[in-house]
J.: 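There's a structure below that I have some questions on.
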Amino acid sequence: MAWLLLVISTIVFGLAVVVTLVSVIRSKKLPWRFNFWMISLAFIFQCAGLWFRGDEAGRCPLTTFADVLIFLSWSVVVVYLLVGTA
């Protein structure tokens, strides 16, 4: 379950990147709210994935390199949502 949620969050992040790149290539201004909501949705899936991953492991899910990368990306998203939109 945890990995499925993390894959879904990756797909949502990727979709936000693709839509942003297409809008940049077409020289259209994308509303900032679109990226904010897409990244927020992906962040929710990522939080749930980390929660279930920690529940499965029975401890903080920072035992493998993949877990560390997931936590690092989660941290970057937190900073973006708190500071990047200002």
J.: According to a hydrophobic-cluster definition based on side-chain heavy atoms being under 4.5 Å apart (Ile, Leu, Val, Met, Phe, Trp, Tyr only), do Leu41 and Val19 belong together?
T.: yes

J.: Are Val7 and Trp51 co-members of a hydrophobic cluster defined by side-chain heavy atoms under 4.5 Å apart?
T.: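 In one cluster with Trp51: Val7, no.
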
J.: Should Val68 and Thr64 count as side-chain neighbours, where that means a heavy-atom distance under 4.5 Å?
T.: no

J.: Which atom names give the shortest non-hydrogen contact between Met1 and Glu56, and what distance separates them?
T.: N-OE2, 4.1 Å

J.: Given the rule in the side chain to side chain contact (heavy atoms under 4.5 Å, CB included) test, do Thr63 and Arg53 qualify, once you have shown the distances and angles that lead to the verdict?
T.: CA-CA 11 Å; Thr63 55; Arg53 178 75 179 108; 4.2 Å; yes

J.: Looking at side-chain heavy atoms only, is the closest gap between Phe65 and Leu69 below 4.5 Å?
T.: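 In contact.
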
J.: For a side chain to side chain contact (heavy atoms under 4.5 Å, CB included) with Val17, tell me which candidate from Leu15, Leu21, Thr20 qualifies.
T.: Leu21

J.: So if you build clusters from Ile, Leu, Val, Met, Phe, Trp, Tyr with side-chain heavy-atom gaps below 4.5 Å, do Val76 and Val83 land together?
T.: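 The answer is no; the residues belong to distinct hydrophobic clusters.
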
J.: Restricting to non-hydrogen atoms, name the atom on Leu6 and the atom on Gln46 that form the minimum distance, rounded to 0.1 Å.
T.: CD2-O, 3.9 Å

J.: CZ/Phe71 to SG/Cys60 distance, rounded to the nearest 0.5 angstrom?
T.: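 Between atom CZ of Phe71 and atom SG of Cys60 there are 7.0 Å.
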
J.: Could you tell me if the side chain of Cys47 sits less than 4.5 Å from the side chain of Trp74, heavy atoms only?
T.: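 The answer is yes, as the side chains (C-beta and beyond) meet within the 4.5 Å cut-off.
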
J.: Establish whether Phe52 and Leu4 are linked, either directly or via other cluster members, by ILVMFWY side-chain heavy-atom contacts under 4.5 Å.
T.: yes

J.: Can you tell me if Trp3 has over 12 outside heavy atoms packed within less than 6.0 Å of its CH2?
T.: yes

J.: Of the non-hydrogen atoms in Gly49 and Ala2, which two are nearest, and what is the gap between them?
T.: O-CB, 3.5 Å

J.: How about Leu81 and Phe36: do any of their side-chain heavy atoms sit closer than 4.5 Å?
T.: yes

J.: Kindly compute the distance separating CZ (Phe13) from CZ (Phe43), expressed to the nearest 0.5 Å.
T.: 8.5 Å

J.: May I ask you to decide if Ala57's main-chain N or O and Arg59's side chain share a donor-acceptor pair within less than 3.5 Å?
T.: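 Yes, because the side chain of Arg59 sits within donor-acceptor range (under 3.5 Å) of the backbone of Ala57.
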
J.: Test of understanding: clusters of I, L, V, M, F, W, Y form through side-chain heavy atoms closer than 4.5 Å, transitively. Do Leu82 and Ile39 belong to the same one?
T.: yes

J.: Do Phe45 and Thr10 come within less than 4.5 Å of each other through their side chains, counting heavy atoms only?
T.: no

J.: So which atom in Asn35 and which in Ala16 form the shortest heavy-atom distance, rounded to 0.1 Å?
T.: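 For Asn35 versus Ala16, the nearest heavy atoms are OD1-O, 3.9 Å.
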
